[in-house]
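Only one structure is covered here, and it is reproduced in the block below.
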Amino acid sequence: LSFLSPDLVSSYSMTPPALSITEEEHVINAKDTLTITCRGQHPLEWSWPGGKVDPTGKEKEMEFMASAAPSAGRAIREEDCEGTGTKPYCKVLVLTETQANDTGYYRCYYKYIDAKIEGTTAVSAYVFVRDYEQPFINKPETLLISKKENTWVPCLVSIPDLNVTLILQNSLIHPDRKSVFWDNKKGVQVPTHLIRDSLFVQCETVIDKKVFKSNFFIIHIAGSELYDIQLYPKKAMELLVGEKLVLNCTVWAEFNSGVRFQWTYPGKQTQQAVIESERRSLQTHTELSSILTLHNVSQQDLGKYTCTATNGAQMLEESTDVIVHEKPFINVEWRKGPVIEATAGDEAVKLPVKVVAYPPPDFQWYKDGKLIPKQSQSSMQIKDVSEQHAGTYTLVLRNRLAGLEKHISLQLIVNVPPRIHEKEASSPSIYSRRSSQALTCTVYGIPAPEVIQWQWRPWMPCRMFSRRSLHRAARRHQRDRMPECKDWKDVSQQDAVNPIESIDTWVEFVEGRNKTVSKLAIQEANVSAMYKCIASNKVGRDERLIYFYVTTIPDGFEIESQPSEEPIEGQDLQLSCNADNYTYENLQWYRLNLSKLHDEEGNPLVLDCKNVHHYATKMQGELRFQPDSNDATLLLTIPNISLGEEGDYVCEVQNRKTREKHCHKKYISVQALEIPRLKQNLTDIWVNVSDSIEMRCKVDGNHVPDISWYKDEKLVEEVSG
């Protein structure tokens, strides 16, 4: 009997289960305990509003307790009881601490008979759990309105004898109205046209002058429009002879829409497919599917498969191709040839190959013979391309079950725009006048630049150009902005402002790479100028700008002393800090304090230009600019120098470009003044009249003294004749 169908059950002599409740409606009060006994010919089971106990008697009971928001002491249990002669099986249902939401049908049925037919294999009783504070027990829900003449609004109640009114947005409908009916177990039946234009409906009742309202029923019109159709898989289906074909045709339609599916396929006349249907009601629409299955396909089944869906007013259609292969195979070839070129810095480069195979093989990529991990696709894409990505790439395709293997190789060449090495660590280009100099540009690029071009222009500001030309220049992919100077000339040995000795270019192995080196040898630096070298290949161009500044001051600044570095006590001393004004500014004199040049333990301090001002006294100088040059001089004058002014004098300058400070130091040694002494006395000299006479006065000392001559104790003055 456990597998009886409804037809067999109706023709079989079977007594239905019997309940201890015989009335059509059984009413109890909330908080009361409900007890119902059921007896029958076979093993029994209960179902009730919101739940059903499974054979273990546990899991579904927990679901019931949760759904009913139980209070302390609330429980439902199913217990065996004593049967009778004709009804040997007995099952009692006990529900304690009842609530209004427990209102509904309580059904007892034969447990192992699938067909549950009221009055034959099952019996039910409707129980009202009366609660005057909760007369309505329905939850908020959507009410689907179809084209039917009447619609039930399921206002369920816990009290059987209520007067219920139906509330619309702008009106009320009473059940005593013609064609409007009230059923305390089903709700209100109302003509569809009265509510189809409302957004919602609600039920209302009055108990002891207190108004109660049910939850809202949101009105939703269920139409027949078909929205869309999709056939899965979306791409053409590939199979081997003997495999199974499954196609899913899905339609999206309005609520409760009816759809009829029809399939057209090559083998329809000879091989009948298995077709199954599915229906899913979603929040905003209904989803209907037809699933076609063909077992053990052959090559006669290849071709176009078409699914047609219609509801009488609308028709949608979708097709796909099915390919049936006789046996597994692998074919692979290049899409663009065996050599692929990219440029360093590209966002990505693809290594394209064309693969036609079934079943899909396993893919493995190798670079220069080494496996590339985590790369199992037929196409290879390399992101953020760099020079290190260059090499030979090999794709190996395998079908191990069929014993098939193919491979294909591609060479990736990564071109590198030229880059001039000296730009990365360029220093101020200051050169001494009449010196020999060599300007060098070391370039790396792939392919290597064949020629490096040298150009020059006079030392002067560049002209301003229109915004249009500047915008065009900004579009060039340059790593370094170059001044917009237009009057560049090629360097030649004939008309060079600074005599050119030679221009040489060669390839040299530098830092593990073959680099192109070009040297411009200047025989004699006479005039300040601007030079640049230009390197280019097919993917880029780079330039190095050299400010060739010629100065008469070695190293850019120096200290001079007058009359000497060892003045004599009492002399006037002049210290000159001469600096190239193009390179340096903020000239300042300091004198070191001897008392501060040692630490507390007597050890000499290490001084540099960053901390010299902490151990020195700032001295005021006079700033002068040399005519016809770009030199600046800060003159420090020490009149009548004394022995106490001997020591270290420091000149500090600041680089205009780097803002770094540089210092030169000069020690001034003051010589003590010595008293002059005659080396010999004058002797008597006899001369003839009209003869000339010369007398010498020799004096010792460390400076030239004032010497006066006397005759007969009178000062000899130089007079005419």
In terms of side-chain heavy atoms, does [X] have a donor or acceptor partner in [Y] at a distance below 3.5 Å?
X: T306; Y: E317; answer: no
X: Y444; Y: E387; answer: yes
X: R280; Y: S289; answer: yes

Over 12 non-hydrogen atoms of neighbours within 6.0 angstrom of NE2 in H295: yes
Just checking R279: does its CZ atom have more than 12 heavy atoms from other residues, nucleotides or ligands closer to it than 6.0 angstrom? yes
Considering residues at least two apart in sequence or located in another chain, which fulfil the side chain to side chain donor-acceptor pair (under 3.5 Å) criterion with Y366? Q364
For A448, all residues meeting side chain to side chain contact (heavy atoms under 4.5 Å, CB included), sequence neighbours excluded: T516
Among all residues two or more places apart in sequence or in another chain, which pass the side chain to side chain contact (heavy atoms under 4.5 Å, CB included) test with V451? none
Going by the salt bridge (Lys or Arg N to Asp or Glu O under 4.0 Å) test, which pairs reach into residues 327-347, not counting sequence neighbours? E341-K538
When the ring planes of Y305 and Y265 are compared, do they come out parallel, tilted or perpendicular, using 30° and 60° as the limits? parallel
Please tabulate, one pair per line, all N/O donor-acceptor pairs under 3.5 Å involving side-chain atoms of residues 504-512, not counting sequence neighbours.
residue: D504; atom: OD2; partner: S502; partner atom: OG; Å: 3.3
residue: T505; atom: OG1; partner: S518; partner atom: OG; Å: 3.2
residue: W506; atom: NE1; partner: E508; partner atom: OE1; Å: 2.9
residue: E511; atom: OE1; partner: K515; partner atom: NZ; Å: 3.4

Ring pair (Phe, Tyr, Trp, His ring centres under 6.0 Å) with Y106: which residues, sequence neighbours excluded? none
Restricting to ring pair (Phe, Tyr, Trp, His ring centres under 6.0 Å), what partner residues turn up for F261, sequence neighbours left out? none
Mind checking salt bridge (charged side-chain N to carboxylate O under 4.0 Å, His left out) for [X] and listing every partner two or more places apart, or none if nothing turns up?
X: E225; answer: none
X: R398; answer: E405
X: K367; answer: none
X: R659; answer: E585

Give every donor-acceptor pair under 3.5 Å between a side-chain atom in residues 227-245 and any protein atom, sequence neighbours left out.
residue: E238; atom: OE1; partner: H325; partner atom: NE2; Å: 2.7
residue: E243; atom: OE1; partner: L240; partner atom: N; Å: 2.8
residue: E243; atom: OE1; partner: Y358; partner atom: OH; Å: 3.1

Is the shortest distance from a Lys or Arg side-chain nitrogen in E141 or K139 to a carboxylate oxygen in the other one below 4.0 Å? no
